[in-house]
Participant: 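One structure coming up, written as structure tokens, with questions to follow.
Start at 1 and go down the list; that is how both ligands and their atoms are numbered.
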Amino acid sequence: MFRSLITGLPKVSKRHLFQRNYASTLAFIESSKDGSVSRSSLSLLAAAQKLSNPITAVITGSQAGKTAQALKSSFSCNSLEKLIIFEDSKLDTCLPEELTPLLVKLLKGNDYSHFVVSNSSVGKNVLPRVGALLDIQPVCDVTVIKAPKTFVRPIYAGNIISTIECPAEKKILSIRTSSFAPIPEGSTDSVAIEKGTDIPPCDLDVTWVKTIVTKSERPELTSALNVVTGGRALKDKDTFDKLLSPLADVLHAAIGATRASVDNGLCDNSLQIGQTGKVIAPNLYIAVGVSGAVQHLAGMKDSKVIVAINNDPDAPIFNVADYGLQGDLYKIVPELTEKLRN
Ligand code: FAD
């Protein structure tokens, strides 16, 4: 207190200074098949920058080197200091049992104050395992970073937004990447690329059997700028495809779905948006025959512009919509598609 009065500066304890000097972030960047950097990885780095620490990013898989080069030469991230790459094809599948020992080794061997992953299926699989092995409580689905230990996250399907303070010395976080604008294009030439070695073996008897990929020419749902979503009102698979595809084509949009559409067999479950599906925030979201249940809103309400087409004027989707078209979707959707095409 005395020193504060003399210098006019707030009193800073030695312990605080120590922590500040050593604050640093480890970010896990998910590998891609073609070595490109996904939009969600760019948003993860944007979130990591808000922690105001130097960042080390770890990239795994056979394309890790290519991804690291692409990141370094095409994007600007001032806080990024180092990229550690583990170029091993056995990490291509991001099997959590194989990734976890590697990440735990990195976190134990270095004094990182923060560890961040995307709140994707990979991140959701890895983070609890890392937390259990390090005995740290993860903070999941962070949408705002207020300070290095103060985070905002939705709970109860987004009905409550909680601000929490995390006193743990090491903080491990999963980030809702759709809540953070990606780092901009540019370059980060000064960043060092280091080859990681000694990948710890996976001591669990787990083998990746096969990958079944749904082929689609459309943009990926979580990174698409425009999304057209079909609800239960579309009745069957044929109607779902025939009505939504032309509209999605003219908008270069991805197609999404509600859980009711998935449960009724109108489309694949990889299209589900919501509390138990994907969380997205595109520039344009068109909801076709979607009621707007809270569990669905949890996955799309951060979209920039929401358009709702529904014949029920009291449908809750109209409460979050910027533009509402009240009427029969079987008339409105073809008409809208035609107008947009022209
Ligand atoms: P409905 O609620 O049946 O809405 C159909 C809408 O279409 C209605 O508003 C109706 O007015 C309109 N309509 C009908 N005919 C026409 C027409 N001709 N023209 C125009 N409009 C028309 N749901 C999700 O979406 N994602 C989730 O992740 C999810 N997770 C869940 C988790 C839990 C634990 C639970 C309990 C539920 C979850 N749900 C989820 C389900 C959710 O509660 C709703 O049941 C679901 O979202 C409803 O889907 P829908 O809007 O397609 O169907």
Participant: Let me have the donor-acceptor pairs involving side chains of residues 312-330, under 3.5 Å, with sequence neighbours excluded, atom names and distances please.
Facilitator:
{"unit_1": "Asp312", "atom_1": "OD1", "unit_2": "Asp314", "atom_2": "N", "d": "2.9"}
{"unit_1": "Asp322", "atom_1": "OD2", "unit_2": "Ile306", "atom_2": "N", "d": "2.7"}
{"unit_1": "Asp328", "atom_1": "OD1", "unit_2": "Tyr330", "atom_2": "N", "d": "3.2"}
{"unit_1": "Tyr330", "atom_1": "OH", "unit_2": "Ala233", "atom_2": "O", "d": "2.9"}

Participant: Are Phe86 and Val58 close enough, and set up right, to give a side chain to side chain contact (heavy atoms under 4.5 Å, CB included), and what steps lead you there?
Facilitator: CA-CA 8 Å; Phe86 289 88; Val58 55; 3.9 Å; yes
Participant: Would you say the side-chain atoms of Ser24 and Asn53 include a donor-acceptor pair closer than 3.5 Å?
Facilitator: no
Participant: Quick one: which residue pairs count as a salt bridge (Lys or Arg N to Asp or Glu O under 4.0 Å) with a foot in residues 258-274, not counting sequence neighbours?
Facilitator: Arg259-Asp263
Participant: Checking side-chain polar atoms at under 3.5 Å, does Glu30 have a donor or acceptor matched by the opposite partner on Ser120?
Facilitator: yes
Participant: Restricting to salt bridge (Lys or Arg N to Asp or Glu O under 4.0 Å), what partner residues turn up for Glu335, sequence neighbours left out?
Facilitator: Lys339
Participant: If the criterion is any heavy atom closer than 4.0 Å to an atom of ligand 1, which residues make the list?
Facilitator: Gly231, Arg232, Ala233, Thr258, Arg259, Ala260, Gln272, Ile273, Gly274, Gln275, Thr276, Gly277, Gly289, Val290, Ser291, Ala293, Gln295, His296, Asn310, Asn311, Asp312, Gly327, Asp328, Leu329, Tyr330
